[in-house]
Each structure stands twice: as C-alpha cells, then as structure tokens.
Colleague: 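Before anything else, here's the structure in question.
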Amino acid sequence: MKKTIIYLLPLLTLAMMYSCGGDNIDVDSQEDNSDIVVVPDHVLDSSSAMNTIINGRMFSIPSPVQMATLIKSKVGVYNETLLTDPENVANFTTEFKRAINMGIYGADLGYATIYENNTKAVSYLSSIEKLADELGISGAFNQELLERFIENGNNQDSMLVIMSEGYREGDKFLKDNEEHDIATLILTGGWIESLYFAAVSYEDSQEQDVADRIGEQKTALTTIIDLLDDYNADEYFTQLIADLKDLKVDFDKIEFNYQYVEPVHDPANFQTTIKSKSSVKIDDDVLANILAKIKNIRNGLIGVTA
Amino acid sequence: MKKLIYLLGFLTFGLGANAQECDSLVNVCYEYLQIDARNGKVFISDGQVYRAFVDADQSAEFKVTFYGGSLYRIATTAGVKDNYVIFNVYDQERNLLFTNQDQNPANQPYWDFKVDNTLDVYIEAYLDIDKKVSGCMVILIGFQK
C-alpha cells in the first residue's frame, strides 16, 4: 500500500496542478521538476482514448478547401447547383445525418468562400452552428466565430482560417470526449462533398487535372473506410461503408506511378521542395463508374434520391 | 478498496491533466501555422488535430497525401521551452525526404514543403529523449490556398 501511495501522491499532485491551471497552464512544468515522474503504462498507452491513434495508426483526411481551390483554378466558373440547401438542417434528425451533413456543409462553406460568395457562405456557417449545437459541439462553432467570419468578409484567407479553426476545435473537442465516430463522420462528409464537386466539375469541363485529383483520392478513401470500420460497433455506418468499398473497387483499377527524386532543402527559409515525380492513369470507363458512384453516395447522404 | 479509490482519483485527475496539457499544446502548435501570416504566408489548418501521449520508446506515424502544386506546413510541439519533437517525412518507398533533427535550430518545430507532384508521405514523430521522456505531442498540418 505504501508503495502505491508513494507513486500516486506525486502523480495526483501533478495532475491537480495541471487540472486547476486554467488556460494558461505551463506545458513545460514537467521539465522544471528534477525528478522524472514515473507514469503508469496505461496512461502512456498510445491507443488510449485521448489519442487520435487507432490500432497504432493516426489518420489524415484532406481538407475540402484544397479541392475547391483546385476547381476554381482549373474550371473557374462558380456553380451553385453543386451545393446543398443550407436550410435542410431540420431534416437531419439522427446523429449520423447531422454529423455527415455538418461535413458536407463545411465543404459547401469552403466552396462558397473560395468563390467569394459571402452571403451563401454565411448561410452555411449559420446552419453548421445549428448542427454543431445539436451534436453538442457548439463551443467550436458559436456566435462569436460567426461574427468574426462576417467581419472578415473582405479577407478570404482570414475567412478560411476562421472556418478551419471551427472544424479544428470541433475535432479536438470530439476526440477529447471520445466521440471519434462523430469526428470521423464530419470528415467523411466533407471529403465526399469535395469529391462530388470534382466529379460534376470534371463532367462539365473535362479538365484532366480535376480527373487526376479525383484519382489521387485513393489513399483518403482507404483511410475513411478504415476509420468507419473501426467505429462501426453499432453498425450505423454499414451501408456507407459498403458504398465506399464498392467505390474502392473502381479506385483500385487506377494506375499510379511514382519516382523518387532527391528533394531540395532551403534551410534559410525552413522549406523543402519535394521533387519526386508521379502520374495517375484512369481509364475512361473506370472514371465514369467513379463519377456515377460518387454522385449516388453524396445524393443519398443529403436525402436526394437519384 | 483504498487502492481503487486512489486509482480512480488518479485516472480522473491524470487523464484530465493529459487532455488539458494537449489542449494548451494545440494552441501553441497553431501559432506555428500562423507565425508568418503578417508576411502574407497564411496556412489554413486541414481541420484535424493529430496528437498522442507518448513516452521515450513510442512514436506516432500517419500517412498524408500531399497534392502537387501545393505548399504545406507541418507544425509540431510538445512544450514551449525547447524543441522537443523530432519529425521525419518519408515517401511511399520509405526514402527520407526530410528530418528536422539536423536543422538549425535542432528539431525546428515547423517546416514548409513545396510539392511539385502529388505523393503520399508518412510523417513520423517522436520525442527527443535528451529533452523530454514523456508527454503530449501535437502535430498540425496547414496548406496555402
């Protein structure tokens, strides 16, 4: 018992120092103690709930803003028919629908912002605020964030930073509270909507760079399927996983070529240029299948039947 | 029974402390994305927070697609008083593209990557055990529009 207390007392003291420290916590206070604190293995377990790690891996899903940026640079034309109706919030009555459509609205918000349609962007942000409230993450998207977004209406970079701040805070909150499934659905919704933008934009423009960018989503698709599989204990995602696995059948037919080239480092500017070469080869019939499947999945998620 | 009470107390305070330490570090790390904003170099977060509570023999690794024609910034932190995090970037063939370990300053906490052609990279991060043996480690990824 004594040994237990000897180990636990310093830990409890340290824990209370952190817990009561408020926002200005000294994140380096551990280094200030000369004694190294022995922390039990279960707290250091890399698969513990506070981590973003699943089965020893971390996951990353590309931001929808990057796809919208590419579409604007290659296709140019603003296409409002790509976007969902921001007034549909009341139709999303389950946690699954709310989370996935919060991601979809986020992508729409990014698209509207990139194309400088601020009125539309604000309407999406208002709807996101409502969905965030219903999902219990109103701290991430609140009135203050909405006001800052509006105030910065003449500065697109600031608007995108504020928007990403909301999603980052939401992601952090959900992971803190072990709601990884909700966090995953939000990311999945955003990714599917961005792929939908690309699919329709390619059909309209036949712009090869957009087709290539669709093909380059294979890693993200695999990641999303893995994530959804990991969080499907209640089997709410079974249909979505099946649809995405069906989509992956076509993605697996895409040919990728990669050739390593030595990168160039610029230490003075803290920058490295990655010079490696790569290419994507997608057969027309494979691309057509992918486009059709993406549109079906996306329309199903927003409640539009084909 | 007393052991159980102690353990529950530790879990309550200890895990809360870890989460709070991580929370503070996310804000520190975010500053690295914004540090050059005044010079017009604005990095937009990908909206995800990558973090892990690690000890000396643990590392975190994740796969990211870097799209051609983009500029990315990887920012890391495990505390404000020193550069505690070593991070390496590998391509899909495990060629080392970058390490912050041998930069000046050592373990430079953020670095930019200009990407000519799309590729999948693996980002591996761990604590510099000469400086810190355990703690929360946060990584953020930003991109330029």
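Throughout, a chain's letter reflects where its sequence line sits, starting with A, and its residues are numbered from 1.
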Colleague: With a 4.5 angstrom heavy-atom cut-off, is it the side chain or the backbone of B:Y30 that approaches chain A, or both, or neither?
Modeller: side chain
Colleague: So, for B:N117 and A:S278, which heavy atoms are closest and what is the spacing to 0.1 Å?
Modeller: CB-OG, 3.5 Å
Colleague: For the interface with chain B, which of A:T69, A:D212, A:V161 has the highest count of heavy-atom pairs at distances below 4.5 Å?
Modeller: A:V161
Colleague: What part of B:S45 gets within 4.5 angstrom of chain A, counting heavy atoms only: side chain, backbone, both, or neither?
Modeller: both
Colleague: Are A:D176 and B:R51 close enough, and set up right, to give a salt bridge (Lys or Arg N to Asp or Glu O under 4.0 Å), and what steps lead you there?
Modeller: CA-CA 11 Å; A:D176 275 348; B:R51 62 192 185 168; 2.6 Å; yes
Colleague: Which region of A:I114, side chain (C-beta onward) or backbone (N, CA, C, O), has a non-hydrogen atom less than 4.5 Å from a non-hydrogen atom of chain B, or is it both or neither?
Modeller: side chain
Colleague: Report which part of B:L96 has an atom under 4.5 Å of a heavy atom belonging to chain A: side chain, backbone, both, or neither.
Modeller: backbone
Colleague: Given a strict heavy-atom distance threshold of 4.5 Å, which part of B:Q34 is in contact with chain A: side chain, backbone, both, or neither?
Modeller: side chain
Colleague: Is B:Y122 in contact with chain A via its backbone, its side chain, both, or neither, using a 4.5 Å heavy-atom distance?
Modeller: neither
Colleague: So B:Q48 and A:I61, do their side chains get closer than 4.5 Å, heavy atoms only?
Modeller: yes
Colleague: Report the distance from atom CG of B:D23 to atom CD of A:E169, rounding to the nearest 0.5 Å.
Modeller: 7.5 Å
Colleague: Which bit of B:N104 is near chain A, if near means a heavy-atom gap under 4.5 Å: side chain, backbone, both or neither?
Modeller: backbone
Colleague: Applying salt bridge (charged side-chain N to carboxylate O under 4.0 Å, His left out), name anything that partners A:E216, two or more places apart in sequence or on another chain.
Modeller: A:R213
Colleague: Give me the ring orientation class for B:W111 and A:F270: parallel if the planes are under 30° apart, tilted from 30 to 60°, perpendicular past 60°.
Modeller: tilted
Colleague: Can you say whether B:F143 sits under 4.5 Å from chain A via the side chain, the backbone, both, or neither, judging by heavy atoms?
Modeller: side chain
Colleague: Let me know if A:D266 has heavy atoms under 4.5 Å from chain B in its side chain, its backbone, both or neither.
Modeller: backbone
Colleague: I'd like to know whether B:F62 forms a side chain to side chain contact (heavy atoms under 4.5 Å, CB included) with A:T223, so could you lay out the CA-CA distance, the side-chain angles of the two residues, the decisive distance to 0.1 Å, and finally the verdict.
Modeller: CA-CA 10 Å; B:F62 56 108; A:T223 298; over 6 Å; no
Colleague: With the side chain counted from C-beta on, respond yes when A:M67 and B:Y67 share a heavy-atom pair under 4.5 Å apart, and no when they do not.
Modeller: no
Colleague: With a 4.5 Å cut-off on heavy-atom pairs, point out which of A:Y260, A:F256, A:Y167 contacts chain B the most.
Modeller: A:Y260
Colleague: Check whether B:T77 gets within reach of chain A through its side chain, its backbone, both or neither, counting any heavy atom under 4.5 Å.
Modeller: neither
Colleague: Find the one option among B:I139, B:T65, B:D120 whose heavy-atom pairs under 4.5 Å with chain A are most numerous.
Modeller: B:D120
Colleague: If you count heavy atoms of other groups shown closer than 6.0 angstrom to CZ of B:R94, is the number above 12?
Modeller: yes
Colleague: Heavy-atom distances under 4.5 Å only: say whether A:E262 touches chain B with side chain, backbone, both or neither.
Modeller: neither
Colleague: What is the minimum heavy-atom distance between A:T272 and B:L97, and which atoms define it?
Modeller: CG2-O, 4.2 Å
Colleague: With a 4.5 angstrom heavy-atom cut-off, is it the side chain or the backbone of A:P267 that approaches chain B, or both, or neither?
Modeller: both
Colleague: A side-chain contact here means heavy atoms from C-beta on lying under 4.5 Å apart; do A:Q271 and B:L71 qualify?
Modeller: yes
Colleague: Under 4.5 Å, counting heavy-atom pairs only, tell me which of B:V26, B:V64, B:T118, B:I44 racks up the most with chain A.
Modeller: B:T118
Colleague: How long is the straight-line distance from CZ of A:R168 back to CG of B:L33, given to the nearest 0.5 Å?
Modeller: 7.5 Å
Colleague: Taking only residues two or more places apart in sequence, or in another chain, which ones meet A:K277 in a salt bridge (charged side-chain N to carboxylate O under 4.0 Å, His left out)?
Modeller: none
Colleague: Quick one: does A:S60's side chain get under 4.5 Å of B:D46's, heavy atoms only?
Modeller: yes
